[in-house]
Amino acid sequence: MKFPRTMEDVKELALALSEFMNGHYYSVLYSYVILYIFLQAFAVPGSAMLSVLGGALFTKWPALFLVCLCSGVGASICYFISYYIASPIVEKYLTERLVAWSEQISRRREHLMNYLMFLRITPILPNWFINIASPHLDVPVSTFFIATFIGVAPISFLHVQAGVAIQELSSGKEISLFNFTTILTITVAAALSLLPIIYKRRISEDIPTMSQSERSPLLPR
């Protein structure tokens with residue numbers, strides 16, 4: 001057993017855990033949730049492969065809900081760690097970026113939910129920076145959680161769908177990618193993704209981006 005870092009790792013782990021789940025379903029579920037939240041809380045890379053694994057272990061919609069929930073909870077824990085414990089580190093390494101981003105937050109305070117959702121869907125700002133900086137810019141934790149939960153849904157859906165395909169292949173089932181449910185869900189996900197793009201046209205002139213030299217080597221993307 002090892003942490004999955006490639007699709008081949010996901011296939012092997014999904015096969016082993018699928019057998020184990022027959023008598024220990026909740027043990028696998030709890031372990032999955034704890035590990036996912038841990039990765040998000042401490043900004044450890046690897047949640048994408050874990051999302052694929054979730055699709056292989058659980059059915060599509062429960063897996064998607066689980067991934068979004070764990071992302072929201074884990075990011076919120078990171079939010080509180082930054083606020084209560086990591087403030088000296090944030091002030092030392094990220095003060096300049098906080099000042100630049102605080103201007104954007106102030107200008108969009110009335111539409112903060114949409115702004116954060118847009119940032120979650122697009123790679124304009126690293127997720128770890130959003131998690132760490134938000135509590136120091138008076139972003140309400142409720143707004144932060146909801147925007148994270150919804151914002152990660154489109155890309156998480158694609159990861160979960162990949163995991164479902166792996167499970168169906170392993171069980172010998174034929175995969176029908178163009179059934180009504182798949183087409184409908186992809187259309188909905190695409191529509192959700194387009195909403196922030198429309199919003200981007202209004203804010204693209206002055207959203208701050210982080211250069212490579214400004215990123216701390218101690219923090220992952």
Show me the donor-acceptor pairs, under 3.5 Å and distance only, between side chains in residues 143-155 and residues at least two apart or in other chains.
unit_1: T148; atom_1: OG1; unit_2: R120; atom_2: NE; d: 3.1
unit_1: T148; atom_1: OG1; unit_2: R120; atom_2: NH2; d: 3.0
unit_1: T148; atom_1: OG1; unit_2: F144; atom_2: O; d: 2.8

**OP:** Give, for atom CD1 of I132 and atom CG of L137, the distance between the pair rounded to the nearest 0.5 Å.
**Re:** 12.0 Å
Subject >> Between OG on residue S82 and CD1 on residue I130, distance to nearest 0.5 Å >> reply: 13.0 Å
Could you give the side-chain donor-acceptor pairs of residues 64-74 under 3.5 Å, partners two or more places apart or in another chain?
unit_1: S71; atom_1: OG; unit_2: V67; atom_2: O; d: 2.8

For [X] against [Y], the heavy-atom pair lying closest together:
X    : Y    : answer
V99  : S102 : O-OG, 2.6 Å
W101 : S134 : CH2-OG, 3.9 Å
A56  : S18  : O-OG, 4.5 Å

Excluding sequence neighbours, so at least two apart, what forms side chain to side chain contact (heavy atoms under 4.5 Å, CB included) with [X]?
X    : answer
Y25  : M21, L29, F58
Y83  : P135
S106 : none

Original post:
Got a donor-acceptor contact below 3.5 angstrom from the N114 side chain to the H111 backbone?
Top reply: no
**OP:** Without swapping roles, check the side chain of H136 against the backbone of V90 for a donor-acceptor pair under 3.5 Å.
**Re:**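 Absent.
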**OP:** Taking the six-membered ring for Trp and the full ring for Phe, Tyr or His, determine whether the centres of F20 and H24 are under 6.0 Å apart.
**Re:** yes
**OP:** Could you check if a side-chain atom of N22 sits within less than 4.5 angstrom of a side-chain atom of E19, using non-hydrogen atoms only?
**Re:**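 Side chain of N22 against side chain of E19, heavy atoms only: contact under 4.5 Å found.
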Subject >> Hydrophobic cluster identity match, V141 and L112, side-chain contacts under 4.5 Å >> reply: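 Same hydrophobic cluster.
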Original post:
With hydrophobic residues grouped by side-chain heavy-atom distances under 4.5 Å, do M7 and L17 end up in a single group?
Top reply: yes
When the side chains of residues 33-53 are checked against the rest of the protein, which donor-acceptor pairs come out under 3.5 Å, sequence neighbours left out?
unit_1: Y36; atom_1: OH; unit_2: S51; atom_2: OG; d: 2.8
unit_1: Q40; atom_1: NE2; unit_2: S47; atom_2: OG; d: 3.2
unit_1: S51; atom_1: OG; unit_2: S47; atom_2: O; d: 3.0

